[in-house]
Protein chains: 2
Amino acid sequence: MYAGLDERGAQVLRHVVENYIETAEPVGSRTISKKMGQNLSPATIRNIMADLEDMGYLAQPHTSAGRVPTGTGFRYYVDYLLELRKLARPERDQLQKMAGDAAFSSEELLRQVSRLVSTLSGQACVVVLTRLSSQPLRSLSLVPAGSGRILLVAVTQAGWVEHRLIEGEGGLSGDEMQKINNYLGELASGISLQQLRVKILHEMKREKARYDRLMRRALQMGARALEEGSPTEVYVEGRANILEQPEFAEDVQKLKRILRAFEEKSVIVRLLDRALEDGAIQVSIGSENPVEGLPDISVVASGYRQGDSRVGSIGLIGPVRMDYSRVIPLVEYSAKLISSVLGHR
Amino acid sequence: MYAGLDERGAQVLRHVVENYIETAEPVGSRTISKKMGQNLSPATIRNIMADLEDMGYLAQPHTSAGRVPTGTGFRYYVDYLLELRKLARPERDQLQKMAGDAAFSSEELLRQVSRLVSTLSGQACVVVLTRLSSQPLRSLSLVPAGSGRILLVAVTQAGWVEHRLIEGEGGLSGDEMQKINNYLGELASGISLQQLRVKILHEMKREKARYDRLMRRALQMGARALEEGSPTEVYVEGRANILEQPEFAEDVQKLKRILRAFEEKSVIVRLLDRALEDGAIQVSIGSENPVEGLPDISVVASGYRQGDSRVGSIGLIGPVRMDYSRVIPLVEYSAKLISSVLGHR
DNA sequence: AATTAGCACTCAAAAGCTTCGAGTGCTAAG
DNA sequence: CTTAGCACTCGAAGCTTTTGAGTGCTAATT
């Protein structure tokens with residue numbers, strides 16, 4: 001259990017971390033002594049704290065101040081000391097109520113969950129949705145879009161819709177369109193856009209000299225539409241919560257860096273990447289997070305599934321001093337919720 | 001020309017405003033005297049400034065400080081004194097280059113323009129796109145979306161794509177779908193979604209006892225899909241630029257209010273509403289803007305057209321102390337640019 | 001041997017004080 | 001009407017003092 005620490009040291013560390021999470025101020029020995037029920041005098045606590053500091057779990061901002069947990073300290077806390085609180089009833093109810101609202105499209109659902117989770121946690125909440133193009137399709141259709149254009153509409157089995165405009169085509173009768181549709185739809189059924197792309201290219205080679213002008217054209221169009229990969233969808237809600245954190249409100253420089261980061265989709269995606277790969281909830285504390293230059297933020301994230309493929313992740317972004325015991329269950333539950341709602345679609 | 005002010009007063013006001021825009025500091029009489037080429041001594045300038053203060057154009061943060069323009073001062077400046085600088089060549093080139101890139105979808109174009117304009121201006125840039133549902137359609141199609149669902153895809157003549165999922169339908173053969181498509185497409189051609197809705201309801205009444213089950217169903221579906229109005233699209237870029245403004249970096253309270261406002265689509269839409277209605281560029285200074293509770297920001301916005309209907313607007317949101325002479329031409333040009341690019345689609 | 005009372009010490013933050021200087025308004029002379 | 005001159009104002013910046021939370025160490029206690 002308490003790897004590398006004895007019971008007492010671990011308890012002191014726990015109290016320091018929890019107190020610091022609550023107050024955002026350095027924690028002194030008196031406070032801990034009181035919290036632990038006067039069994040140990042402040043002097044004793046001081047000795048223990050000094051030890052913890054030697055071991056790298058605590059640090060002093062300056063000589064005459066209390067202690068603050070280091071990154072390592074938080075890590076230890078999360079790994080060994082954390083008692084996950086159960087997700088409070090009202091919060092669970094709110095989430096479930098929202099999830100039950102079938103009126104939301106899948107996209108809208110993600111945005112709403114993100115928004116609610118950000119409010120509940122008081123942090124910024126991010127939901128990413130990736131690899132649309134790797135999901136199996138439910139249907140693929142061409143739609144006339146007037147003056148030399150055709151719209152390719154793909155609906156995945158999970159209910160995501162994606163469309164791409166194809167330039168410089170058109171001049172197809174409704175009948176021809178219908179034929180192409182049937183042909184492409186057959187080709188696409190059950191496979192992903194990525195796979196479809198490969199399949200189409202293959203098909204084009206095989207039937208190079210194919211007599212049917214229409215089908216050849218269909219293949220060409222398909223290939224063209226699938227050229228670039230589909231973009232990753234990112235929903236960020238509750239950015240402004242970052243301002244509520246005292247550690248950032250003071251230091252405008254940090255604030256700037258963080259808010260700038262939020263403007264770059266790619267940075268956000270990188271922050272949540274780990275959670276996508278792995279099933280379990282991921283906690284990146286401070287400089288552990290995958291983005292250089294943001295050593296002051298923690299990320300608590302979890303992937304969610306659609307059926308049995310991981311298609312995205314939901315995460316909270318906030319200061320290292322996050323209330324992990326509350327926030328981890330929240331993110332875990334939300335990820336499961338999303339998975340289950342998407343599963344039914 | 002100089003309504004209510006003599007030439008000299010107007011020039012002094014102009015210099016105060018311009019200096020203040022540049023430095024964000026109260027402006028003193030010495031500075032103005034130098035700027036105006038020593039024709040007038042600081043003492044004279046002081047007299048003039050005192051007059052301007054009486055008239056409400058200037059204010060003193062405290063007795064021994066220089067003057068700061070009031071909202072009214074800025075208003076006068078914008079209305080009578082502003083010399084619009086021509087949009088700098090390189091900026092125009094950048095914008096035009098981007099607009100020429102046909103690879104962007106219309107949505108992507110708006111986002112990219114917003115991003116570039118925010119960089120060029122150093123302010124937050126917002127592009128809103130409304131009333132999709134009032135644009136004439138180019139095509140309307142139903143697409144199978146599997147397990148009891150059908151996707152309605154509408155493409156407007158401007159090239160915007162909108163889709164809505166219809167629940168609890170399906171079980172239609174490709175052939176039936178095709179028939180419905182033809183019917184609805186015919187019904188929809190050239191009119192807007194809004195109008196279509198009315199038309200459909202009308203049609204439903206007229207043909208209440210219509211023998212054709214399929215067509216009746218088509219009408220029902222159409223009516224259902226069009227129930228809620230289409231959402232307004234909002235692209236915000238360069239939020240973090242707000243932090244660059246000294247007036248906000250200091251006052252965290254203001255900062256919070258502004259960034260919170262950015263999280264509410266509806267607030268942003270309200271800020272740019274005026275520009276949508278009116279063709280000309282709109283400048284809302286400080287408390288002139290339509291949102292209560294944000295008296296410290298100015299909005300410079302202009303609507304853009306698609307063909308001959310106004311479909312959206314682009315605007316900058318920043319401190320009252322904006323460089324209007326640079327920023328107004330930028331917004332004007334961008335709006336025209338968007339109009340012209342959309343016009344060609 | 002572990003704990004703790006006691007005490008000297010440290011140091012940031014807050015409060016108080018002084019200085020500085022940009023800028024003003026007013027007056028009287030040009 | 002303009003302007004030189006001057007007394008005056010007041011925030012910002014710098015300095016000093018006070019305060020108090022917190023420490024580390026030592027010696028007494030359990």
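Here is the naming used below: chain letters follow the sequence lines, and residue numbers restart at 1 for every chain.
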For this session: Check the distance between C/dA2's C1' and A/I45's CD1 and give it to me in whole angstrom.
Result: 14 Å
Problem set entry | CG-CD1 distance between A/D323 and A/I328, expressed to the nearest 0.5 angstrom | 9.5 Å
Exercise. Would you call A/R274-A/D278 a salt bridge at under 4.0 Å N-O?
Worked result: no
Seminar exercise, completed: Here the gap from B/I242 atom CD1 to B/F248 atom CZ, rounded to the nearest 0.5 Å, amounts to 6.0 Å
Exercise. Are any of A/T44's side-chain N or O atoms less than 4.0 Å away from OP1 or OP2 of C/dT4?
Worked result: yes
Exercise. Between C/dT3 atom C1' and A/I32 atom CD1, what is the distance in whole Å?
Worked result: 18 Å
For this session: Check step by step if side chain to side chain donor-acceptor pair (under 3.5 Å) holds for A/Q11 and A/R8.
Result: CA-CA 5 Å; A/Q11 287 313 312; A/R8 253 184 11 179; over 6 Å; no
Seminar exercise, completed: In this structure, CZ of B/R270 is separated from CG of B/N289 (nearest 0.5 Å) by 9.5 Å
For this session: Write down the distance between CD (A/E250) and P (C/dA12), rounded to a whole number of angstrom.
Result: 15 Å
Exercise. If you draw a 6.0 Å radius around CD in A/E7, do more than 12 non-hydrogen atoms from other residues or ligands fall strictly inside?
Worked result: yes
Exercise. What string of B, S and - do you get for nucleotides 8-25 of chain D, 5' to 3', if B is base contact, S is sugar-phosphate-only contact and - is no contact with any protein heavy atom under 4.0 Å?
Worked result: -BBS---------BSBB-
